[in-house]
Amino acid sequence: MRAIRQETLGAPDVLKEEELPVPKPGPGQIRVRTVAAGVNPTDWKHRESGAFLGQPPFVLGWDVSGVVDEVGFGSTLFRPGDEVFGMVPYPYGVGTHAEYVVGPTRAFALKPTEVDHVTAGAVPLAALTAWQALVDTTGVGAGDRVLVHAAAGGVGHLAVQIAKARGAHVIGTASEPKHEFVHSLGADEVVDYRSADVGEAVRDIDVVLDAVGGADQVEKSVRSLKPGGTVVTLLPFDAPETAARAEEQGSRIAQMLVEHDHQGMRAVAALVARGALRPTIAETFPLAEAARAHEIGERGRTTGKMVLTVG
């Protein structure tokens, strides 16, 4: 099979299209013939640093939408020919930037018939991250005030929609040119992080979802909270004084890593099916142009998601 593999860490040009053996599903696994696979910031971070994966060789990618090709022993949820989408276990189940991928059966859900594979391939990692932050971790519901940082980004633009679907009042941060887009997602308010101190401009917040990271960002997020609120940050930070301040006001800072999740994928699929959740596709690339997708993504100006298509 064709796959995008790297043998060294480094810039996008370390990504090479290679021929690799087709993987065999083991017990409790399925093999999916990839039609589309999302590209996420975690991909280029792992490409450059190794992060959780360590040293190459490896094939990147966690998002996938495609067709079940083979079912391993004991797997009963899907049959060959079923169209599914999902996120292979993060971080060690990596490998969707290839023609075939193997993963646990319960990392997948049936693809909603209302969308195509490119749309579905953009959803899993970012939507599961938002779902697990807003629903599982903080229980966002009707009337809650939710602040989503980087609301035009991959996780952010889906988080806005999930929070709105649960009845929350949503405030997003974005640069001024992206305000109209964030409002179109359903955000009630949008704040320009470049011209305003968000920690001062936005107050009385129940939940902050921070996909930006860093000690300064977490500090601003804590200032926005009401007593007892929660900041969910997706990146590590080192700010003991901020953590102590949050504890003093009865607030929580939760550092979250997304997990593969069958029930979460089914919940996300239901939102997609009824039109309450739609990823914005910034650009698509054929599998062979994965390096170009990384180059564009690393500029940090993408609105929504990028997707690799596999013919």
Side-chain angles (χ1 to χ4, degrees), residues 1-20 32-53 56-66 85-88 90-91 93-101 103 111 115-130 150-158 174-175 177-178 181 211-213 234-235 258 278-311:
M1 68 173 186
R2 294 182 299 130
I4 303 300
R5 188 171 182 261
Q6 65 183 92
E7 296 191 357
T8 61
L9 301 175
D13 62 5
V14 303
L15 300 173
K16 307 294 183 184
E17 185 179 31
E18 297 186 13
E19 288 288 333
L20 298 178
V32 175
R33 176 175 58 80
T34 306
V35 178
V39 181
N40 297 283
T42 192
D43 294 313
W44 48 83
K45 291 173 183 175
H46 279 84
R47 183 209 73 228
E48 185 173 43
S49 71
F52 296 112
L53 300 179
F58 46 68
V59 174
L60 291 172
W62 285 269
D63 283 335
V64 65
S65 183
F85 73 141
M87 184 195 79
V88 293
Y90 186 87
V94 67
T96 66
H97 294 171
E99 288 187 300
Y100 293 90
V101 62
K111 179 186 74 64
V115 298
D116 60 18
H117 283 290
V118 169
T119 301
V123 168
L125 186 149
L128 277 181
T129 299
V155 171
H157 87 292
L158 298 179
S175 61
K178 296 181 179 180
F181 169 70
V212 178
L234 307 181
L235 295 166
V258 66
R278 281 288 187 275
T280 292
I281 308 300
E283 195 167 352
T284 62
F285 304 83
L287 181 66
E289 295 183 16
R292 182 165 166 260
H294 278 233
E295 289 172 3
I296 292 172
E298 282 187 297
R299 296 171 191 166
R301 299 174 183 172
T302 302
T303 298
K305 289 292 297 291
M306 297 188 298
V307 178
L308 300 180
T309 57
V310 184

Kindly state each residue pair satisfying salt bridge (Lys or Arg N to Asp or Glu O under 4.0 Å) with at least one member in residues 299-311, sequence neighbours excluded.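 Found Asp63-Lys305.
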Working to the nearest 0.5 Å, report the span between [atom1] of [X] and [atom2] of [Y].
{"X": "Glu19", "Y": "Arg2", "atom1": "CD", "atom2": "CZ", "value": "8.0 Å"}
{"X": "Arg278", "Y": "His157", "atom1": "CZ", "atom2": "NE2", "value": "11.5 Å"}
{"X": "Thr119", "Y": "Lys111", "atom1": "OG1", "atom2": "NZ", "value": "8.5 Å"}
{"X": "Thr96", "Y": "Leu125", "atom1": "OG1", "atom2": "CG", "value": "9.5 Å"}
{"X": "His97", "Y": "Glu17", "atom1": "NE2", "atom2": "CD", "value": "13.0 Å"}
{"X": "Ile281", "Y": "Thr303", "atom1": "CD1", "atom2": "OG1", "value": "12.5 Å"}

Which atom of [X] lies closest to which atom of [Y], heavy atoms considered:
{"X": "Thr309", "Y": "Thr284", "result": "CG2-CB, 4.3 Å"}
{"X": "Glu48", "Y": "Glu298", "result": "OE1-OE2, 4.4 Å"}
{"X": "Asp43", "Y": "Gly38", "result": "OD2-O, 4.1 Å"}

side-chain contact (heavy atoms from CB on, under 4.5 Å), that's the test. Do Thr34 and Leu308 meet it? Break it down for me. CA-CA 10 Å; Thr34 306; Leu308 300 180; over 6 Å; no
Between the main-chain N or O of Pro12 and the side-chain N or O of Glu295, is there a donor-acceptor pair closer than 3.5 Å?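 No; zero donor-acceptor contacts below 3.5 Å.
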Output, in order, the C-alpha distance, side-chain angles, deciding distance and verdict of side-chain contact (heavy atoms from CB on, under 4.5 Å) for Thr42 and Tyr90. CA-CA 10 Å; Thr42 192; Tyr90 186 87; 2.6 Å; yes
